[in-house]
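Comments concern the structure below.
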Number of protein chains: 2
Amino acid sequence: MARIDETAKLFKIYSDVTRLRIIDLLTQGEFCVQDICRRLSLQQSTVSHQLKLLRDENVVTRRRDGKNVYYALKDEHVRTIYEMARSHVEEC
Amino acid sequence: MARIDETAKLFKIYSDVTRLRIIDLLTQGEFCVQDICRRLSLQQSTVSHQLKLLRDENVVTRRRDGKNVYYALKDEHVRTIYEMARSHVEEC
DNA sequence: TTGACATATGAAAGTTCAATCATATAAAAT
DNA sequence: ATTTTATATGATTGAACTTTCATATGTCAA
């Protein structure tokens, strides 16, 4: 039962369009918050809130460099999950 | 953009504990609505509503036999996605 | 040390979604 | 035909989630 809860949680973090757009961008590399805002036309607050959720679920890593904070996908796992889902969607 | 929307939708259908419990049960075979209710201790209405969502997203198939309606996982795709997510959770 | 820029975060507002209730439809049994 | 059993579904309520607004925190430059 706890296993199913965890699985639902895994799917949930990827189930929001804003978060998925951020993840999609991060497949291209590391970006700071501003970059993400500009590229995706999102408010800074929205992005920071979603990045916090992604961080809490170990989807992204955080690195501060001066005033900027850079985010990147945590590991290949994340990339794999995203790519797999994307390719599954293509097939339909 | 439409691709990302579709991907989010795919993740969303798997992101609810009740739906995931139903999917988990259906990995064992075909069950009618009542069976699902009994096995998972859920109300008939709850189960029917969730089965409708799963049907709309092509996760399950429906087969009527007399008064009963039997549901099963639509294809191996669904099984693959679920198994993959589960095994990913195990690793953490 | 003050001002400017970047990010984070609490609270309120807005939105989506699941469970429940009531009821409709469908099939079989009497 | 009517009752019983199984399933589906519209409407409502309540909870969970996302966005926005306002503001706080952190870093650098002047």
Side-chain angles (χ1 to χ4, degrees), chain A residues 1 4-26 29-74, chain B residues 1 4-26 29-74:
Chain A
M1 186 58 46
I4 291 183
D5 275 42
E6 284 299 309
T7 308
K9 217 164 139 195
L10 172 73
F11 280 117
K12 188 162 284 164
I13 197 71
Y14 290 92
S15 73
D16 176 77
V17 172
T18 302
R19 282 193 296 272
L20 221 48
R21 290 178 69 208
I22 293 173
I23 290 170
D24 185 69
L25 179 61
L26 296 183
E30 199 187 44
F31 293 87
C32 72
V33 178
Q34 286 187 99
D35 288 343
I36 299 172
C37 295
R38 284 198 211 95
R39 300 259 204 154
L40 306 181
S41 303
L42 293 170
Q43 284 194 189
Q44 180 268 315
S45 176
T46 299
V47 170
S48 281
H49 275 296
Q50 295 303 340
L51 284 171
K52 174 158 178 41
L53 295 176
L54 291 170
R55 199 142 38 82
D56 290 349
E57 292 300 322
N58 284 300
V59 174
V60 299
T61 56
R62 195 185 116 105
R63 175 178 75 81
R64 181 179 275 281
D65 180 9
K67 281 182 289 188
N68 300 302
V69 176
Y70 289 87
Y71 284 87
L73 296 186
K74 182 124 182 186
Chain B
M1 186 59 45
I4 291 184
D5 274 43
E6 283 300 309
T7 309
K9 219 162 135 195
L10 172 72
F11 280 117
K12 190 163 283 166
I13 196 72
Y14 289 93
S15 74
D16 176 77
V17 172
T18 301
R19 282 193 294 274
L20 223 47
R21 289 177 70 207
I22 293 173
I23 291 169
D24 185 69
L25 179 61
L26 296 183
E30 200 187 42
F31 293 87
C32 72
V33 178
Q34 285 187 97
D35 288 342
I36 299 173
C37 295
R38 285 198 212 94
R39 299 259 205 155
L40 306 181
S41 304
L42 293 170
Q43 283 195 189
Q44 180 268 315
S45 176
T46 300
V47 170
S48 281
H49 274 296
Q50 296 304 338
L51 284 170
K52 174 159 179 40
L53 295 176
L54 291 170
R55 198 142 39 83
D56 290 349
E57 291 301 322
N58 285 300
V59 174
V60 300
T61 56
R62 197 184 115 106
R63 176 177 74 80
R64 180 178 277 280
D65 180 10
K67 281 183 291 188
N68 300 301
V69 176
Y70 290 87
Y71 284 88
L73 295 186
K74 182 126 182 185

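So you know, we letter chains A, B, ... as the sequences are listed, proteins then strands, and number each from 1.
- The side chain to side chain contact (heavy atoms under 4.5 Å, CB included) test applied to K9(B) returns E6(B), E57(B), not counting sequence neighbours.
- Put simply, the side chain of R19(B) gets close to the backbone of I13(B): a donor and an acceptor are under 3.5 Å apart.
- Residues of residues 56-65 of chain A that place a heavy atom closer than 4.0 Å to DNA chain D, in numerical order, are R64(A).
- Between Q34(B) atom CD and dT5(D) atom P there is a gap of 10 Å when expressed in whole angstrom units.
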For DNA chain D, what string of dots and brackets results from 5' to 3' when Watson-Crick and G-U pairs need both distances under 3.5 Å, crossing pairs get [ ], and pairs with another strand get |?
||||||||||||||||||||||||||||||

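- In the 5' to 3' direction, nucleotides of DNA chain C lying under 4.0 Å from heavy atoms of chain A begin and end at dC5(C) to dA11(C).
- With sequence neighbours excluded, the residues that form a side chain to side chain contact (heavy atoms under 4.5 Å, CB included) with T46(B) are T18(B), Q43(B).
- Residues passing the ring-ring contact (aromatic ring centres under 6.0 Å, His included) test with F11(A) are Y14(B), sequence neighbours excluded.
- Contacts of D65(A) classified as side chain to side chain contact (heavy atoms under 4.5 Å, CB included), with partners at least two apart in sequence or in another chain: R63(A), Y70(A).
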Determine, for nucleotides 12-24 of chain D in 5'-to-3' order, which nucleotides have protein heavy atoms under 4.0 Å from the base (write B), from only the sugar-phosphate (write S), or from neither (write -).
-----SSSBB---

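- Residues satisfying the salt bridge (Lys or Arg N to Asp or Glu O under 4.0 Å) criterion with K52(A), sequence neighbours excluded, are D56(A).
- Every residue two or more places apart in sequence or in another chain was checked for a side chain to side chain donor-acceptor pair (under 3.5 Å) with K12(B), and none qualifies.
- At least one side-chain heavy atom of K74(B) sits under 4.5 Å from a side-chain heavy atom of T61(B).
- For S15(B), there are no side chain to side chain donor-acceptor pair (under 3.5 Å) partners two or more places apart in sequence or in a different chain.
- Rounded to the nearest 0.5 angstrom, D24(B) CG and R21(B) CZ are separated by 9.0 Å.
- Rounding to the nearest 0.5 Å gives a distance of 5.0 Å between CG of L51(A) and CD1 of I22(A).
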Could you list the donor-acceptor pairs under 3.5 angstrom formed between side-chain atoms of residues 31-42 of chain B and any protein atom two or more places apart in sequence or on another chain?
from   : atom 1 : to     : atom 2 : distance (Å)
Q34(B) : OE1    : R38(B) : NH2    : 3.2
Q34(B) : NE2    : N68(B) : OD1    : 3.4
D35(B) : OD1    : R38(B) : NH1    : 3.2

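- Residue-level contact check: Y71(B) touches the backbone only, with heavy atoms under 4.0 Å from sugar-phosphate atoms and none from bases.
- Of all the heavy atoms in I4(A) and L20(B), the pair that sits closest is O-CD2, 3.6 Å.
- If you measure from atom CG of L51(B) to atom P of dT9(D), you get 11 Å, rounded to the nearest angstrom.
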